[in-house]
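Here the structure is laid out as structure tokens; the discussion comes afterwards.
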Amino acid sequence: MAWQLVNLLLFLVITGYGLYLFYKAVYHRWLYVKLGKPSDFRLQSEGRWREFLTQVFGQKKLLKDPKSGIMHIVIFYGFIILQFGALDLIIKGLTSGRGHLPIPGYEIFGLLQEITVLLILVAMGYAAYRRYGEKLARLKRGFKPGIVVIFIFSLMLSVLLSLGFERVWLGLPASGYAPISSAIASVTGFLPSAAASVLFYIFWWAHLFILLAFLVYVPQSKHFHLITAPINIWLRRSEPVGKLKKLDLEDEEAESFGVGRIEDFTQKQMIDFYACVECGRCTNVCPASNTGKVLSPMHLITKLRDHLTEKGAAVTGKSPYVPEFAFAGGSGAHALAGTEHSELNWNSTGITDIRPTLAWQKEAWSHGGKSPQELNLVGDVMTEKEIWSCTTCRNCEDQCPVGNEHVDKIIDLRRHLVLMEGSMPSEGQRALQNIERQSNPWGLNRNDRAAWSGEVEGIQVPTVKDQPEFEYLFFVGSMGSYDLRSRKISRAFARLLNESGVSFAILGNEEKNSGDTPRRMGNEMLFQQLCMENIATFEKYGVKKIVTACPHTFNTLKNEYPDFGLEGVEVLHHSQLLDQFIKEGRLQPRHEVKERVTYHDSCYLGRYNKVYEEPRNVLRAIPGIELAEMTRSRENGMCCGAGGGMMWMEESSGKRVNLARTEQALEVNPTVISSACPYCLTMLEDGTKMKEVEDRVKARDIAELLELSVFGGAAADTNHELELGAGRL
């Protein structure tokens with residue numbers, strides 16, 4: 001009885017202290033999060049259940065990589081089961097083996113527990129192999145990742161050894177319901193009961209210490225995601241993915257716009273920092289990381305997390321490390337070191353390679369001599385090169401298993417640079433100045449916007465003034481209006497609209513740039529000006545339906561214009577409308593187009609708006625076409641390199657993104673690389689020229705291929721001109 005009382009008191013004291021340290025570590029980090037701008041968490045938690053259950057308990061995102069997904073499911077559900085096993089073991093230790101968890105079918109529970117322990121050991125062995133044997137590039141190696149492997153292995157072994165010595169101590173017979181502990185007992189059965197009792201309690205206490213140490217370690221490591229990831233997924237945005245937050249530019253109390261300090265992020269964005277599991281899936285698919293740029297989405301999040309933790313500790317006076325003697329980091333705050341002289345070394349022979357980017361990030365991020373309050377967010381934590389390398393493709397967010405959003409943070413940093421510091425790459429600045437002056441990135445005469453419509457053979461493209469009773473407004477966009485190559489898409493689509501019998505019109509010279517480029521490049525002021533002018537024009541002519549061939553314009557009009565007053569207007573992409581017309585019989589692709597076609601998914605059509613099948617349906621409807629999918633397609637399709645304003649900026653390091661994407665397309669031996677985006681088409685056509693295969697592999701929009709099938713010989717001459725025509729301006 002005396003021993004049981006001492007054991008109980010020690011258990012209560014040590015467990016209580018462990019729980020206190022855990023609470024302290026979590027509470028201090030919550031204080032850091034509260035430094036951010038307030039978020040309406042009640043609004044963000046509406047309508048959550050289905051996605052929450054599929055992502056947290058269905059592990060939907062993790063299964064995008066089936067091997068690691070299955071491994072994680074075993075560990076995830078194994079630990080849920082073993083929490084009951086831990087309670088059972090605690091009860092046994094506190095009652096000297098006379099009690100156990102009061103549940104029906106206890107023997108079956110014991111069998112389930114032992115099988116679970118074995119499966120977790122196998123899963124952790126595979127996890128260690130993936131990280132240290134297979135050496136997947138996206139996974140960090142070193143001491144910290146190894147700690148958790150040691151923790152879990154030790155925890156599992158302590159469970160099995162405790163159960164094994166319990167059987168010897170209490171003289172329990174071998175049982176098929178306890179195969180592993182029975183095997184341990186058979187090997188150690190020579191021990192006297194007293195010795196087995198001592199060994200039981202040694203491993204019982206070892207299990208408790210490891211469990212509590214792991215509990216305290218969790219919030220101070222990437223494993224904080226065990227707590228924050230479900231919260232982050234619950235609080236995910238309910239509005240369209242990738243939709244940017246509206247800035248109130250008329251707020252007279254606003255001291256700045258965008259994010260220039262870590263405190264300028266919202267509290268929800270800061271929860272993202274602590275939800276990151278450092279799995280590297282985001283960086284593994286990032287077009288910038290894959291082609292030798294310094295941007296790594298994983299390091300974007302972890303560097304902001306480190307900076308928040310260190311600055312939060314300095315501001316609140318609450319240390320992030322508990323107990324400090326065990327977990328305290330190095331001296332000084334983390335910062336980028338020597339990056340002004342450090343160039344990323346790209347010498348890969350493969351199509352893509354993330355290793356140079358990861359090596360640069362690892363070398364550049366270290367403890368420095370400055371205090372966290374002295375560090376500049378842009379410069380000391382994130383470089384401008386990183387910020388301007390993002391194509392806003394959202395592949396990182398699509399892959400992230402914990403619901404992190406990377407793009408909005410990069411855009412917020414760009415907003416600060418552009419609106420508050422006037423800093424932007426010169427080519428991008430030139431494009432925005434041209435948009436501001438002439439409403440197109442080239443600075444061509446705004447009165448030539450409708451000039452392309454006079455080149456359409458056989459039909460007249462009406463303006464809204466010519467045909468006020470139109471059903472669809474064809475919003476052409478700057479690419480479709482001015483770019484010589486993209487004009488061919490506009491002409492092909494106009495012919496198809498006319499053939500379908502639908503009533504349509506264009507705005508002509510009254511159309512303005514949609515504002516997608518200024519917004520993604522951080523110039524919110526210019527975007528809002530263009531947005532309001534376009535909406536006023538739509539209202540003037542009673543526009544109810546809009547169709548556009550540009551996914552960037554489609555996404556902006558459909559998902560972002562409603563914040564500024566666009567109401568009751570249906571917005572379609574031309575692939576959706578063409579698919580609809582084919583199904584309704586309005587368009588009949590009757591002529592064979594004998595081509596092997598691989599389709600490239602536009603990021604703003606696919607990942608932003610889930611339009612994957614419609615363009616493929618159009619291609620499948622064309623007789624003679626053989627459709628071949630690239631390895632990276634649909635949700636995992638790689639960006640062409642033009643998004644986020646990168647269309648107007650030069651890539652100064654590594655490999656060109658469009659070249660890498662073209663090489664991926666060429667792997668399936670196509671005769672045509674098709675797309676449903678003028679930006680993508682331009683980048684892919686440039687890629688075929690760089691690979692010197694443009695004579696045998698053409699780049700075509702789906703509308704151009706459908707035009708060939710619908711009109712046959714009537715479109716053949718147009719197609720021949722297309723092959724000989726000039727490229728982009």
Side-chain angles (χ1 to χ4, degrees), residues 1-19 75 78-103 106-125 128 146-217 326:
M1 290 296 293
W3 157 243
Q4 284 185 10
L5 182 60
V6 171
N7 193 47
L8 175 63
L9 290 174
L10 285 173
F11 168 79
L12 292 175
V13 170
I14 292 171
T15 302
Y17 181 60
L19 291 173
I75 297 171
F79 264 85
I80 291 176
I81 293 169
L82 290 183
Q83 297 317 302
F84 296 99
L87 288 174
D88 181 53
L89 196 59
I90 288 170
I91 292 170
K92 288 178 178 179
L94 295 178
T95 61
S96 297
R98 290 189 295 273
H100 60 73
L101 199 63
I103 57 174
Y106 178 76
E107 286 187 329
I108 295 174
F109 167 73
L111 175 61
L112 178 62
Q113 181 180 199
E114 294 199 7
I115 292 173
T116 300
V117 169
L118 183 62
L119 288 174
I120 290 178
L121 285 171
V122 172
M124 288 307 301
I147 289 177
V148 177
V149 176
I150 296 169
F151 263 134
I152 296 177
F153 264 107
S154 302
L155 200 61
M156 298 303 104
L157 289 174
S158 66
V159 171
L160 293 177
L161 290 169
S162 295
L163 294 175
F165 287 119
E166 177 201 19
R167 303 192 79 81
V168 178
W169 170 31
L170 301 178
L172 300 175
S175 171
Y177 288 106
I180 302 175
S181 59
S182 293
I184 294 172
S186 67
V187 174
T188 59
F190 64 89
L191 292 171
S193 176
S197 170
V198 171
L199 288 170
F200 167 81
Y201 274 104
I202 287 174
F203 288 106
W204 186 86
W205 275 104
H207 180 77
L208 183 64
F209 274 115
I210 295 167
L211 194 62
L212 292 174
F214 190 37
L215 183 70
V216 174
Y217 177 70

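We number each residue from 1, following the sequence as shown. This structure is a prediction, so every number in the text was calculated from the model and none was measured.
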In sequence, state the C-alpha distance, the side-chain angles, and the governing distance for Met156 and Leu82, and then conclude on side-chain contact (heavy atoms from CB on, under 4.5 Å). CA-CA 9 Å; Met156 298 303 104; Leu82 290 183; 3.4 Å; yes
N/O donor-acceptor pair under 3.5 Å between [X] side chain and [Y] backbone:
{"X": "Arg98", "Y": "Lys92", "value": "no"}
{"X": "Ser186", "Y": "Ala183", "value": "yes"}
{"X": "Tyr201", "Y": "Gly93", "value": "yes"}
{"X": "Glu107", "Y": "Tyr177", "value": "no"}
{"X": "Glu114", "Y": "Gly110", "value": "no"}
{"X": "Ser197", "Y": "Trp169", "value": "no"}

Steps toward side-chain contact (heavy atoms from CB on, under 4.5 Å) verdict (Leu10, Trp205): CA-CA 10 Å; Leu10 285 173; Trp205 275 104; 3.7 Å; yes
Let me confirm one number: the [atom1]-[atom2] distance from [X] to [Y], rounded to the nearest 0.5 Å.
{"X": "Leu161", "Y": "Ile202", "atom1": "CG", "atom2": "CD1", "value": "11.0 Å"}
{"X": "Leu155", "Y": "Ile150", "atom1": "CG", "atom2": "CD1", "value": "13.5 Å"}
{"X": "Gln83", "Y": "Asp88", "atom1": "CD", "atom2": "CG", "value": "12.5 Å"}
{"X": "Leu12", "Y": "Leu94", "atom1": "CG", "atom2": "CG", "value": "7.5 Å"}
{"X": "Phe214", "Y": "Ile152", "atom1": "CZ", "atom2": "CD1", "value": "5.0 Å"}
{"X": "Tyr17", "Y": "Ile14", "atom1": "OH", "atom2": "CD1", "value": "11.0 Å"}

Between Ile120 and Phe79, does a side-chain contact (heavy atoms from CB on, under 4.5 Å) hold up when you go through it step by step? CA-CA 8 Å; Ile120 290 178; Phe79 264 85; 4.1 Å; yes
Of all heavy-atom pairs between [X] and [Y], which one has the smallest distance, and what is that distance?
{"X": "Met124", "Y": "Val149", "result": "CE-CA, 3.8 Å"}
{"X": "Ala86", "Y": "Leu211", "result": "CB-CD2, 4.3 Å"}
{"X": "Ser175", "Y": "Ser182", "result": "N-OG, 3.1 Å"}
{"X": "Ile184", "Y": "Leu160", "result": "CD1-O, 3.5 Å"}
{"X": "Pro179", "Y": "Leu111", "result": "CD-CD1, 3.7 Å"}
{"X": "Ile210", "Y": "Ser154", "result": "CD1-CB, 3.6 Å"}

Do the rings of Trp204 and Phe11 sit parallel, tilted or perpendicular, given the 30° and 60° boundaries? tilted
Between Ser96 and Gln4: side-chain donor-acceptor atoms closer than 3.5 Å: yes
pair Phe200-Leu89: side-chain heavy atoms closer than 4.5 Å: yes
Does CZ belonging to Phe151 count more than 12 external heavy atoms closer than 6.0 Å? yes
Does Phe84 have more than 12 heavy atoms from other residues, nucleotides or ligands lying within 6.0 Å of its CZ? no
Step by step, work out the side-chain contact (heavy atoms from CB on, under 4.5 Å) result for Ile180 and Val117. CA-CA 10 Å; Ile180 302 175; Val117 169; 5.8 Å; no
